[in-house]
Number of protein chains: 2
Amino acid sequence: MKLTELKAIQLAELFSALSDASRVRIISLLMEGEMSVSALAKELKMTESAVSHQLRGLRQMHLVRARKSGRQVFYSLEDEHVSRLFSLGLDHVQHG
Amino acid sequence: MKLTELKAIQLAELFSALSDASRVRIISLLMEGEMSVSALAKELKMTESAVSHQLRGLRQMHLVRARKSGRQVFYSLEDEHVSRLFSLGLDHVQHG
DNA sequence: CTAATATATGAACAGTTGCTCATATATTCA
DNA sequence: TGAATATATGAGCAACTGTTCATATATTAG
């Protein structure tokens, strides 16, 4: 598998999105459907600030999308790529 | 997707293995077949020490296996799980 | 045996990460 | 309008990461 340095960096950045337990749990919740920042914070027992900071990173990587409604912002997964990675990783963790 | 905290941590650890460009490139080379530490170092233009340190981490996660032959140690992927993750990630990076 | 080679490993250090805290902005409510 | 609510964001900081450097161990060559 010949790989340019650029692609290696891009791949590493993609996997970095899932390299933290908080982000993994955020993504696992978003796989069920969209959720507001405060709902995520409550469910994950994290401050809204911490959740917001993580969502910012995921947004910048185009892994999640934000939809504003009133004073709430609802986040959802931008496409199925991340959930596919997530599921394959989960397979490995469970059996494997 | 309901997820225990333990599984979230395990998933994050798995993805952490691929969250660094050096490790991504090491794994991409091992997908071609086994290689010695010095061969990896030469190909990746890294010191043998840096490569060895990274291989240690991958070994502890049971993602690579070591085979000693004389004074060289040949590393190879322990199973296809990582290469599947790698390939799926690469898909995302290329198109998508 | 000694010297050279291949790898492993600990310490140290710079860079990064993820959090909290304070504050800013935007929206709704009274 | 002013107070309350929801989110975003920058600064600061402790913890973690990946590298280099020095050194240790193991194997082979002479």
Side-chain angles (χ1 to χ4, degrees), chain A residues 3 5 8-30 34-78, chain B residues 3 5 8-30 34-78:
Chain A
L3 201 64
E5 175 64 12
I9 291 172
Q10 291 176 330
L11 258 180
E13 281 172 354
L14 171 61
F15 287 114
S16 294
L18 288 157
S19 71
D20 171 79
S22 297
R23 282 192 298 277
V24 162
R25 297 175 76 211
I26 287 173
I27 289 171
S28 81
L29 286 175
L30 295 183
E34 70 174 13
M35 261 199 231
S36 71
V37 176
S38 49
L40 284 165
K42 186 170 187 181
E43 180 76 21
L44 299 175
K45 297 189 179 67
M46 292 172 63
T47 66
E48 302 181 0
S49 177
V51 172
S52 185
H53 274 295
Q54 294 292 9
L55 286 169
R56 181 183 214 245
L58 294 173
R59 222 189 312 130
Q60 287 172 343
M61 296 191 66
H62 301 103
L63 299 182
V64 302
R65 130 178 4 108
R67 176 180 71 83
K68 190 164 184 177
S69 170
R71 45 190 154 182
Q72 306 195 80
V73 178
F74 291 91
Y75 280 85
S76 55
L77 297 184
E78 187 149 325
Chain B
L3 201 63
E5 175 66 10
I9 291 173
Q10 291 175 330
L11 258 180
E13 281 172 354
L14 172 61
F15 287 115
S16 294
L18 287 156
S19 70
D20 170 79
S22 296
R23 283 191 298 276
V24 163
R25 298 174 76 212
I26 287 173
I27 289 171
S28 81
L29 286 175
L30 295 184
E34 68 173 14
M35 260 199 230
S36 71
V37 176
S38 50
L40 284 166
K42 186 171 187 180
E43 180 77 23
L44 298 174
K45 296 189 180 68
M46 291 171 65
T47 66
E48 301 180 1
S49 177
V51 171
S52 185
H53 274 296
Q54 294 293 8
L55 287 170
R56 181 183 215 247
L58 295 173
R59 222 188 312 133
Q60 286 172 343
M61 298 191 63
H62 301 103
L63 299 181
V64 302
R65 124 174 14 103
R67 177 180 71 83
K68 190 163 183 177
S69 169
R71 45 190 154 184
Q72 305 196 83
V73 177
F74 291 91
Y75 280 85
S76 56
L77 298 184
E78 187 149 327

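Owing to the predicted nature of the structure, the values given are computational and were not obtained by experimental measurement. Letters A, B, ... are given to chains in the order of the sequence lines, protein chains preceding strands, and every chain is numbered from 1. Side chains are part of it too, since the values below use all heavy atoms of this structure and drop only hydrogens, waters and symmetry mates.
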### Query
For DNA chain C, which residues in residues 17-29 of chain A have a heavy atom at a distance below 4.0 Å?
A:Asp20, A:Ser22, A:Arg23
### Task
Taking all heavy atoms of A:Ala41 and all of A:Val51, pick out the closest pair and write down the distance.
CA-CG2, 3.7 Å
### Query
Near DNA chain C, under 4.0 Å by heavy atom, which residues of residues 46-54 of chain A?
A:Met46, A:Thr47, A:Ser49, A:Ala50, A:His53, A:Gln54
### Summary
dist A:Ile26:CD1 -> A:Leu58:CG (nearest 0.5 Å) comes out at 6.0 Å
### Query
Roughly how far, to the nearest 0.5 Å, is the CG atom of A:Asp20 from the CD1 atom of B:Ile9?
10.0 Å
### Query
Just wondering, do B:Leu14 and B:Gln10 contact through their side chains at under 4.5 Å, heavy atoms?
no
## Note on the structure
Counted 5' to 3', the first and last nucleotides of DNA chain D within 4.0 Å (strictly under) of a heavy-atom of chain A are D:dA4 to D:dG10
#### Entry: Close approaches to DNA chain D from residues 66-77 of chain B, in residue order (heavy atom, under 4.0 Å)
B:Lys68, B:Gly70, B:Arg71
### Pairwise side-chain contact, B:Leu18 with B:Ile27, heavy-atom cut-off 4.5 Å (strictly under)
yes
### Message
For DNA chain D, which residues of residues 35-43 of chain A approach it to below 4.0 angstrom with any heavy atom?
### Response
A:Ser36, A:Val37, A:Ser38
### Task
Hey, could you give me each pair passing side chain to side chain donor-acceptor pair (under 3.5 Å) that has a residue in residues 63-78 of chain B? Not counting sequence neighbours.
B:Glu34-B:Arg67, B:Arg59-B:Tyr75
### Task
Identify, with sequence neighbours excluded, every residue that meets side chain to side chain contact (heavy atoms under 4.5 Å, CB included) alongside A:Ser19.
A:Ser16, A:Arg23, B:Ser16, B:Ser19
### Query
Applying side chain to side chain donor-acceptor pair (under 3.5 Å), which residue pairs with at least one partner in residues 36-51 of chain A are found, sequence neighbours left out?
A:Ser36-A:Ser38
### side-chain N/O A:Arg56 vs C:dC19 OP1/OP2, d < 4.0 Å
no
#### Entry: Partner set under salt bridge (Lys or Arg N to Asp or Glu O under 4.0 Å) for B:Glu5, not counting sequence neighbours
A:Arg25
### Query
With a 4.5 Å limit on heavy-atom distance, are the side chains of A:Leu55 and A:Leu40 in contact?
yes
